[in-house]
Amino acid sequence: QVQLAESGGGSVQAGGSLRLSCAASGNIYGSNCMGWFRQPPGKEREGVAATSLGDGVSYYADSVLGRAIISHDNAKNTLYLQMNSLKPDDTAMYYCAARRGGGNCFRNILPGDFSYWGQGTQVTVSS
């Protein structure tokens, strides 16, 4: 069983930054692809960024390209998402996820490809 616990969300003004963290525990070692998703109020969950832990290749949604950096600390078994130049449209519940199996991440970051999910952390950006 894999457990994922997000932290780091909060309220911030437009133009500000946040760093989200996702601590992984359990049998995570078989998962090579981890990602961040978000779900704005009343909308579907969407992929934000994903990274293959083995080679570090990362993919980003167009909406955050140039403003977000996904990274992973192997020693701490923690996934991060640094978000800069935040906009009100970034307001959402942010979720960490891991895909079962050792394959690399796909360019299209789809919720259905991920098996393990955290509880989420809220990010609110005010104008």
Side-chain angles (χ1 to χ4, degrees):
Q1 190 69 15
V2 173
Q3 291 84 39
L4 303 172
E6 304 94 336
S7 61
S11 296
V12 63
Q13 289 193 326
S17 298
L18 280 175
R19 188 176 82 155
L20 307 183
S21 300
C22 172
S25 61
N27 190 22
I28 190 68
Y29 300 102
S31 294
N32 185 55
C33 175
M34 295 188 71
W36 287 97
F37 292 79
R38 67 186 182 185
Q39 188 163 14
K43 296 185 179 180
E44 294 186 353
R45 194 169 297 189
E46 61 183 13
V48 176
T51 187
S52 299
L53 305 187
D55 59 14
V57 175
S58 301
Y59 300 105
Y60 297 90
D62 288 344
S63 58
V64 302
L65 195 61
R67 301 189 296 119
I69 301 173
I70 187 171
S71 61
H72 184 262
D73 185 326
N74 287 331
K76 296 182 178 179
N77 215 3
T78 300
L79 184 73
Y80 300 99
L81 181 69
Q82 176 71 40
M83 290 283 293
N84 303 317
S85 302
L86 284 161
K87 307 174 183 179
D89 284 349
D90 294 318
T91 295
M93 184 71 79
Y94 283 71
Y95 298 91
C96 167
R99 205 178 74 193
R100 184 182 291 124
N104 284 345
C105 295
F106 303 133
R107 184 175 299 275
N108 290 326
I109 309 166
L110 301 175
D113 291 336
F114 290 75
S115 303
Y116 308 110
W117 293 86
Q119 300 273 3
T121 185
Q122 177 68 38
V123 172
T124 302
V125 184
S126 58
S127 57

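All residue numbers in this chain count up from 1 along the given sequence. Computed from a predicted model, the values in this text were never measured in an experiment.
The local environment of CD in Gln122 is crowded, with over 12 non-hydrogen atoms from other residues, nucleotides or ligands closer than 6.0 Å.
Shown here are the side chain to side chain donor-acceptor pair (under 3.5 Å) partners of Tyr116, two or more places apart in sequence or in another chain: Arg100. For Phe37, the ring-ring contact (aromatic ring centres under 6.0 Å, His included) partners are Phe114, Trp117, not counting sequence neighbours. Ser126 pairs by the side chain to side chain donor-acceptor pair (under 3.5 Å) definition with nothing, not counting sequence neighbours. Contacts of Arg67 classified as salt bridge (charged side-chain N to carboxylate O under 4.0 Å, His left out), with partners at least two apart in sequence or in another chain: Asp90. For the salt bridge (charged side-chain N to carboxylate O under 4.0 Å, His left out) test, no residue two or more places apart in sequence or in another chain qualifies with Asp113.
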Could you list the donor-acceptor pairs under 3.5 angstrom formed by side chains in residues 79-88, with sequence neighbours left out?
unit_1, atom_1, unit_2, atom_2, d
Gln82, NE2, Asn84, OD1, 2.9
Asn84, OD1, Ser17, OG, 3.0

Give every donor-acceptor pair under 3.5 Å between a side-chain atom in residues 102-111 and any protein atom, sequence neighbours left out.
unit_1, atom_1, unit_2, atom_2, d
Asn104, OD1, Asn32, ND2, 2.8
Asn104, ND2, Asp55, OD2, 3.4

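Under the 4.5 Å side-chain contact rule for hydrophobic residues, Val125 and Trp36 share a cluster. Under the 4.5 Å side-chain contact rule for hydrophobic residues, Leu20 and Tyr59 do not share a cluster. Residues Val48 and Met93 do not share a hydrophobic cluster, defined by chaining ILVMFWY side chains whose heavy atoms lie under 4.5 Å apart. The hydrophobic cluster containing Leu18 also contains Tyr60, counting ILVMFWY residues as joined when their side-chain heavy atoms lie under 4.5 angstrom apart, directly or transitively.
Note on residues 2-16: pairs passing side chain to side chain donor-acceptor pair (under 3.5 Å), not counting sequence neighbours, are Gln3-Ser25. Among pairs with a residue in residues 73-103, those fulfilling disulfide bond (SG atoms under 2.5 Å apart) read Cys22-Cys96, at least two apart in sequence or across chains. Applying the salt bridge (Lys or Arg N to Asp or Glu O under 4.0 Å) test to residues at least two apart or on different chains, the pairs with a partner in residues 40-53 are Arg38-Glu46.
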message: Assess the residue pair Asn77 and His72 against the criterion (side-chain contact (heavy atoms from CB on, under 4.5 Å)); give the C-alpha distance rounded to whole Å, side-chain angles, the decisive distance to 0.1 Å, and a yes or no.
response: CA-CA 7 Å; Asn77 215 3; His72 184 262; 3.7 Å; yes

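Side-chain atoms of Ser58 come within 3.5 Å of backbone N or O of Gly56 as a donor-acceptor pair. Side chain of Ser31 to backbone of Arg99: a donor-acceptor contact under 3.5 angstrom is found. Side-chain atoms of Thr78 do not come within 3.5 Å of backbone N or O of Ala23 as any donor-acceptor pair.
Of all heavy-atom pairs spanning Ala24 and Leu4, the tightest one is CB-CD2, 3.6 Å.
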